[in-house]
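In listed order, ligands and their atoms are each counted from 1. Computation of the quantities below employed the complete heavy-atom set of this structure, encompassing side-chain atoms and omitting hydrogens, waters and symmetry-equivalent molecules.
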Amino acid sequence: MEPQKARDLLANAELIHSESAVQSAFCEVAGRIRERLADKNPLVLCVMTGGVIFCGQLLPKLDFPLDFDYLHATRYGPETQGGKISWRMAPWTSVKGRTVLVVDDILDEGVTLAAVKESLMRLGAAEVLLAVFTDKQNGKNKPIAADFVGLPVPDRFVFGFGMDVDGAWRNLPAIYAMKEAG
Ligand code: IMP
Ligand code: MG
């Protein structure tokens, strides 16, 4: 995105969760994850690209042995149609018999993470836990629930803290929503 377009977009956006709200929710959810996984020698899988900030901040908070890898699945890529999942990269590390923690930015309709979980279970994971920083309050019956959630977000297009709008503003420390049209 053109830098000026990105700046205009941000100037017209609405702040949903401030940086300090994000950080305090982050500390709380990181604590819950740390407790749950302390003796599991988990495999932590970052869902690229949106999961990168949550996961990058989370890893140094997990003070026990673990493995780390990433996967890339998206249903919004240019090559996808009709909400189909496109796999760009499967994890290299074997998930067989492991407790796997999948870390992503947002649970929207839940289609992506449901497909990811199913495929990791099929590959032999002992258990798959899902951590998302945000859960969209869209009133939909999601095919999957997250085990760990940082913050709820309204049923609008949101960005920041890993989430992008046309590739822009994943780097924001706070969470914004596009202004509603009209
Ligand atoms: P789901 O299959 O509907 O849960 O899609 C989840 C994926 O869609 C997330 O990992 C994001 O990449 C993307 N996504 C869904 N809603 C938003 C949003 O409001 N802002 C940015 N990305 C979103
Ligand atoms: Mg994503």
(message) Contact between L66 and L101 at the side-chain level, heavy atoms closer than 4.5 Å - yes or no?
(response) no

(message) Can you confirm, on distance only, whether ligand 1 has an N/O atom lying under 3.5 Å from any N/O atom belonging to L107?
(response) no

(request) Below 4.0 angstrom from a heavy atom of R156, which ligand 1 atoms are there? Numbered from 1 as shown, please. (result) 19 (O)

(request) May I ask whether G50 places a heavy atom under 4.0 Å from ligand 1? (result) no

(request) Report, in ascending order of atom number, the atoms of ligand 1 lying under 4.0 Å from any heavy atom of D104. (result) 10 (O)

(message) I'd like to know whether ligand 1 has V165 as a neighbour, heavy-atom separation below 4.0 Å.
(response) no

(request) Assess F159 for proximity to ligand 1: is some non-hydrogen atom of it under 4.0 Å away? (result) no

(message) Could you work out, for atom 19 (O) of ligand 1, the closest of R170, K136, K142, K140 by heavy-atom distance?
(response) K136

(message) Pairs of nitrogen or oxygen atoms closer than 3.5 Å, one from D164 and one from ligand 1: do any exist?
(response) no

(request) Run the numbers for me: atoms of ligand 1, each under 4.0 Å from some heavy atom of V111, listed by number. (result) 1 (P), 2 (O), 4 (O)

(message) Could you check whether any side-chain N or O of Q57 sits under 3.5 Å from a backbone N or O of C55, counting only pairs where one atom can act as donor and the other as acceptor?
(response) no

(request) May I ask whether L113 has any heavy atom positioned less than 4.0 angstrom from an atom of ligand 1? (result) no

(request) Could you say whether the N/O atoms of F157 and ligand 1 ever approach to under 3.5 Å? (result) no

(message) If I apply the N/O under 3.5 Å rule, does M163 come out as touching ligand 1?
(response) no

(message) Keeping D147 on the side-chain end and L130 on the backbone end, is there a donor-acceptor pair under 3.5 Å?
(response) yes

(message) Could you work out, for atom 9 (C) of ligand 1, the closest of I106, V47, N138 by heavy-atom distance?
(response) I106

(request) Give a yes or no on whether the backbone of N41 and the side-chain of R98 come within a donor-acceptor separation of less than 3.5 Å. (result) yes

(request) Could you pull out, from D105, T112, T134, D155, the option with a heavy atom nearest to atom 2 (O) of ligand 1? (result) T112

